[in-house]
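So you know, we letter chains A, B, ... as the sequences are listed, proteins then strands, and number each from 1.
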Amino acid sequence: MRDVAILSFAQTPYKRRESERTEVQMVLSVVTDAVEKSGLPKSDIGFTCSGSSDYLAGQSFAFVGAIDGLGAWPPIAESHVEMDGAWALYEAWIKIQTGMCNTALAFSFGRASMGSLPETLNMQLDPYTLGPLGIDSISMAALQARAWLDQDNHTERQMAEVAVRSRKNALNNPDAQLKGDFEVEKLLSEPYLIEPLHKHDCPPITDGANAVVIAAADAVPSGANPVWIRGIDHRIEPHQPGFRDLTQSPSTKLAGEKAGATRLDIAELHAPFTHQELILRDALGLDDDVRINPSGGALAANPMMVAGLTRMGEACREIWAGRAKRALAHATSGHCLQQNLVCVLEGD
Amino acid sequence: MSDAPRYSAEHVLRYDYRRSLGPVLARFFTELRDQKILGTQAPDGRVFVPPVEYDPETGEALDELIEVGPAGTVTSWAWVHEPRAQHPFDRPFAWALIQLDGATTSLVHAVDADGPEAMKTGMRVKPRWSAERIGQIRDIECFEPEGA
Amino acid sequence: MAERCAVIGVGQTRHESKRIDVSQVGLVREAALRALEDAELSWTDIDAVVIGKAPDLFEGVMMPELFLADALGCSGKPMLRVHTAGSVGGSTAIVAASLVEAGVHERVLTVSYEKQSESNAMWALTIRMPFQQGIVAGAGGFFAPLIRSYMRRSKAPEDTGIRVALKDRLNALKNPYAHLKFPDVDFDQIASSPMLWDPIRYLETCPSSDGACAMVLSSEKPAKQASKTPAWVHATSMRTEPTMFAGRDQVNPQAGKDAAKDLYAKAGITDPRKQIDCAEIYVPFSWFEPMWLENLGFAPEGEGWKMTYEGATALDGDMPINMSGGVLSSNPIGASGMLRFAEAANQVRGEAGEHQVDGAKVALGHAYGGGSQYFSMWIVGAEPR
Amino acid sequence: MSEEKSEVKAIVTPTKLVYQFSAIGSHAEFLKAISEGKLVGERCPSCKKVYCPPRGICPRCGVETPEKVDIDDKGTVTTYCIVRVPSENIDLKLPYCAANILLDRSDMPIMALIQECPAEDVRIGMRVEAIWAPEEDWGPTMENIRYFRPIDEPDVPTEEMGDWY
């Protein structure tokens with residue numbers, strides 16, 4: 001395997017509604033920013049891959065317009081996954097491994113504010129036996145949360161503590177959407193959204209875009225501050241929630257093992273719901289001295305199709321700031337943690 | 001910053017998708033119309049409900065269908081205090097994972113119960129059938145507590 | 001490249017306007033199982049799955065790979081979902097090949113599909129956002145003006161499109177999987193078929209199909225152990241340019257020319273017409289055959305139509321094009337690109353059946369999408385390179 | 001046999017998603033202009049080409065395009081097709097001509113209808129002008145231009161159409 005490093009990360013400020021810029025302008029800003037920070041000339045980028053979803057935009061081929069934000073002239077080697085940007089990064093990493101290119105750009109974008117996300121995500125379900133029930137994404141997560149609470153004396157307080165810590169951490173993240181000092185007691189006294197989930201257990205709806213530039217060791221420009229991808233792997237599980245043990249995340253566990261997720265200082269976990277962070281920590285065997293989601297995580301900002309790749313960016317920020325040496329970044333896709341990606345990152 | 005007026009409009013994506021079913025789901029929905037619930041049985045005895053054409057763990061083809069339920073046990077549940085337009089009820093209700101008698105896996109469906117205090121993991125539920133059944137998952141209107 | 005990659009199994013479904021006998025699950029499994037059988041492998045032999053399809057709105061499922069994962073034996077495995085508009089079937093195969101070439105996986109299953117009958121492609125492609133204007137529908141309305149530009153530029157005889165369609169429709173009669181088959185098809189039947197988007201006639205356009213295609217790709221060792229001849233991937237290439245910008249050549253797009261140039265350089269090809277034995281190229285409207293022949297460098301600019309006219313592109317010509325009947329005969333959009341790549345593989349494996357080109361050793365598979373802006377292509381050979 | 005005893009072979013799953021679409025930035029400014037009967041474009045600071053409708057960026061150069069340019073409602077047909085097939089979502093009498101029209105002072109064609117002449121008479125290079133809907137019907141949409149019609153000016157020779165020929 002070739003050694004590959006993340007050179008730069010850029011994002012829009014994550015917010016409930018991006019009302020100043022179109023998708024393509026969001027893409028243009030993050031791509032320009034990420035390329036500039038990488039120290040590579042734009043013409044040196046050997047491959048580009050993006051992640052997004054047509055259903056967020058409410059139209060077919062929504063990603064095609066994003067090309068306009070790249071200045072793709074002369075034509076570029078480019079691909080797109082209908083997945084979170086974390087998988088775009090994976091494809092870009094693969095491309096470098098083939099030797100066909102030495103540098104690559106991965107980006108993602110989503111404007112969830114246009115629609116009603118919990119209902120849009122119903123469209124992700126088996127269209128024969130699940131989708132037609134009309135079940136939304138929060139209800140699906142609530143079924144998982146209940147299964148988790150039913151086990152090992154788990155409590156809603158543990159979940160609320162995740163929310164409190166996430167939003168407190170987000171105070172240090174200028175780009176986060178939800179932040180502040182909250183009290184567990186007060187949160188627990190508020191009404192349920194979908195029982196057993198309170199509002200604080202759920203992610204906000206977010207608009208945003210982000211981009212990373214990666215390079216093989218021999219293409220890292222001088223003066224760069226590379227964060228090395230020590231391992232990256234992703235796995236999927238059966239779709240039907242009733243076919244799995246929802247309290248476990250075997251796909252995360254396996255991906256973590258394959259990616260070599262040990263000796264970590266911090267972990268950025270893509271856990272849109274509080275209980276999912278606790279399931280993921282368990283699956284990855286993260287003990288208490290691993291700092292979790294210093295950025296605030298998906299509970300502080302959850303741009304669909306973007307939040308997974310954001311975890312890589314946030315892990316890099318911790319390493320660049322000297323607050324961590326070795327970090328884990330995780331991304332999830334689908335309902336109830338169906339598909340998971342783990343990336344292990346290390347400073348120079 | 002733009003000084004243009006704000007142009008905003010509703011965009012509705014509406015379509016009635018027509019989904020062909022293939023042999024396994026066709027039998028499942030046909031029998032559902034007759035108030036029977038089928039699951040797929042694997043050679044090692046596991047029974048998948050809703051039925052599948054393949055083993056979700058290995059991908060191997062499966063084609064043996066057996067009747068399960070109709071009653072079952074709630075393995076997880078969630079209480080909806082304020083239903084959405086797409087939900088099957090316009091009053092509070094529960095979503096549940098239900099392991100039907102004879103099944104190895106759980107099925108997602110709605111449960112009509114008096115309130116969250118009436119719900120409990122491990123409780124027994126039975127289907128309430130829709131009056132008009134056309135062969136679809138909502139031929140089961142919902143499940144309800146056994147003895148209700 | 002870290003590792004060599006070869007196609008060791010190919011499978012496709014029957015393509016029809018409505019495959020009402022199967023679910024989406026059944027459709028993808030039909031192709032995947034045939035590819036596995038062809039490779040003499042089982043689900044557990046597969047390390048990863050790469051799936052591709054065109055817009056999710058066609059089937060009304062957001063990221064349908066999530067529910068199809070189980071059906072493709074993905075549990076506990078990596079799965080990727082590619083979407084690059086009409087070129088997606090090709091780029092999906094290229095992503096799958098990359099997983100092998102990167103040395104990450106030994107055997108990768110790649111599948112692409114479309115079940116257009118669940119909705120209506122014309123509806124899904126003509127959804128108007130607020131404040132937008134609707135003038136032409138679907139791909140035909142977009143591409144017909146480009147064809148007119150080509151006709152004007154090249155001064156090609158007006159019946160060129162008819163000749164291409166006749167050739168492809170005759171080839172389709174030799175392909176058991178093809179959707180459209182007209183046993184008595186002749187020049188007059190095509191010429192007298194109704195104009196849809198003038199200059200495109202009904203029989204010069206592609207159908208709307210349900211169908212799927214799958215391939216098993218492997219690294220060198222499994223390929224050499226396979227009992228059937230593998231198709232070795234000599235080179236792959238992808239290029240993208242914006243849909244529209246001032247001065248864009250939409251008829252002979254730079255992205256296609258660049259992709260071909262890159263592809264030939266990687267495959268050691270200096271004279272494509274001589275060194276490539278046959279090609280499956282993405283021709284949804286018959287006039288795109290001469291246009292792509294030029295774009296791919298098989299003919300000088302403005303002269304692609306001469307190859308059609310001289311019969312060079314016929315099954316028995318010196319440069320057979322679209323031996324399977326092409327997109328004109330079967331068009332499950334998301335799978336259409338992969339079908340081109342798979343046909344190229346089958347030709348060099350000697351597995352193309354009645355539409356086999358004698359002695360084909362090197363073949364090109366090609367796909368394009370969007371507003372002629374996404375290109376993906378590969379060259380496969382009977383021998384490793 | 002009664003009908004309900006037949007096997008269920010398909011299900012219908014109605015889907016309805018409601019989005020709130022907002023025009024932003026250049027798009028909103030374009031809509032404002034057109035609702036006042038004007039066409040506005042943007043010039044790329046890098047390649048100097050003019051885009052109408054504008055998108056706030058130049059797709060070729062990948063840069064923002066803040067400079068506004070007034071665009072004429074006359075133009076030249078660069079290519080066209082004659083639509084003879086009906087389709088969903090479009091309510092126009094067949095056959096009709098849909099043309100790519102390069103508006104004067106803009107560098108990228110738009111697609112629009114040509115009327116007031118037989119579809120067969122449309123030519124590459126033909127000069128056309130916009131016919132607007134009555135002012136009281138104007139709204140924030142390109143549909144304010146009902147169609148284009150030929151004008152009495154000589155055709156533009158194809159060699160002068162540069163990139164678009």
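Residues of residues 61-70 of chain C lying under 4.5 angstrom from chain A, judged on non-hydrogen atoms, are C:Val61, C:Met62, C:Met63, C:Glu65, C:Leu66, C:Phe67, C:Ala69, C:Asp70 by number. Near-neighbour residues of residues 239-259 of chain A relative to chain C, defined by a heavy atom under 4.5 Å from a heavy atom of that chain, comprise A:His239, A:Gln240, A:Leu254.
Proximity to chain C (any heavy atom under 4.5 Å) is restricted, for A:Tyr128, to the side chain, taken from C-beta onward. Using a 4.5 Å cut-off between heavy atoms, C:Tyr374 contacts chain A through its side chain alone, with no backbone atom that close. For a residue to count as touching a neighbouring chain, one of its non-hydrogen atoms must lie under 4.5 Å from one of that chain's; by this rule C:Asp56 touches chain A with backbone and side chain alike. The contact between C:Ser23 and chain A is made by backbone and side chain atoms together, counting heavy-atom distances below 4.5 Å. The parts of A:Thr120 that come within reach of chain C are both its backbone and its side chain, each placing non-hydrogen atoms under 4.5 angstrom from that chain. Using a 4.5 Å cut-off between heavy atoms, C:Met238 contacts chain A through both its backbone and its side chain. When heavy atoms are compared at a cutoff of 4.5 Å, A:Glu82 approaches chain C by way of both its backbone and its side chain. When heavy atoms are compared at a cutoff of 4.5 Å, A:Ala57 approaches chain C solely by way of its backbone atoms N, CA, C and O. Interface residue A:Gln124: backbone and side-chain heavy atoms are both found under 4.5 Å from chain C. If you measure heavy-atom distances from A:Leu341 to chain C, you find no contacts under 4.5 Å at all.
Residues C:Phe58 and A:Asp54 are not in side-chain contact: their nearest non-hydrogen atoms beyond the backbone lie 4.5 Å or more apart. Looking only at side-chain heavy atoms (C-beta outward), A:Ile236 and C:Pro78 stay at 4.5 Å or farther from each other. The shortest side-chain heavy-atom distance between A:Tyr90 and C:Leu99 falls under the 4.5 Å cut-off. Residues C:Val104 and A:Trp93 are in side-chain contact: their nearest non-hydrogen atoms beyond the backbone lie under 4.5 Å apart. Contact check for A:Trp73 versus C:Gln254: side-chain heavy atoms found under the 4.5 Å cut-off. Contact check for A:Met83 versus C:Leu80: side-chain heavy atoms found under the 4.5 Å cut-off. By the 4.5 Å heavy-atom criterion applied to side chains, A:Met100 and C:Thr236 are counted as neighbours.
Taking every heavy atom of both residues into account, C:Ala85 and A:Phe61 meet most closely at CA-CE2, 3.4 Å. Shown here for A:Ala77 and C:Arg239, the closest heavy-atom pair between the two residues is CB-NH1, 3.6 Å.
At least one donor-acceptor pair under 3.5 Å links the side chain of A:His80 to the backbone N or O of C:His83. The backbone N or O of C:Met79 lies less than 3.5 Å from a partner atom in the side chain of A:Gln339, making a donor-acceptor pair. At least one donor-acceptor pair closer than 3.5 Å links the side chain of A:Arg235 to the backbone N or O of C:Gly76.
Considering only heavy-atom pairs separated by less than 4.5 Å from chain C, the leading option among A:Lys95, A:His335, A:Glu237 is A:Lys95. Most heavy-atom pairs under 4.5 Å with chain A, from the set C:Leu57, C:Val49, C:Val95: that is C:Leu57. When each of A:Asn122, A:Asp126, A:Leu56 is scored by its heavy-atom pairs under 4.5 Å with chain C, the top score falls to A:Asp126. In terms of heavy-atom pairs under 4.5 Å with chain C, the best-connected choice from A:Leu121, A:Thr48, A:Ile67 is A:Ile67. If you tally non-hydrogen atom pairs under 4.5 Å between each of C:Lys53, C:Gln24, C:Lys266 and chain A, the highest count goes to C:Gln24. When C:Ser87, C:Ser98, C:Ala255 are compared by the number of non-hydrogen pairs under 4.5 Å with chain A, C:Ser98 comes out ahead.
For the residue pair A:Glu78 / C:Thr240, a side-chain donor-acceptor distance below 3.5 Å is found, with atom types taken as modelled.
Residue-environment remark: NZ (A:Lys42) exceeds the threshold of 12 foreign heavy atoms within 6.0 Å.
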Please lay out, stage by stage, how A:Asp68 and C:Phe245 fare under the test side chain to side chain contact (heavy atoms under 4.5 Å, CB included). CA-CA 9 Å; A:Asp68 291 1; C:Phe245 58 85; over 6 Å; no
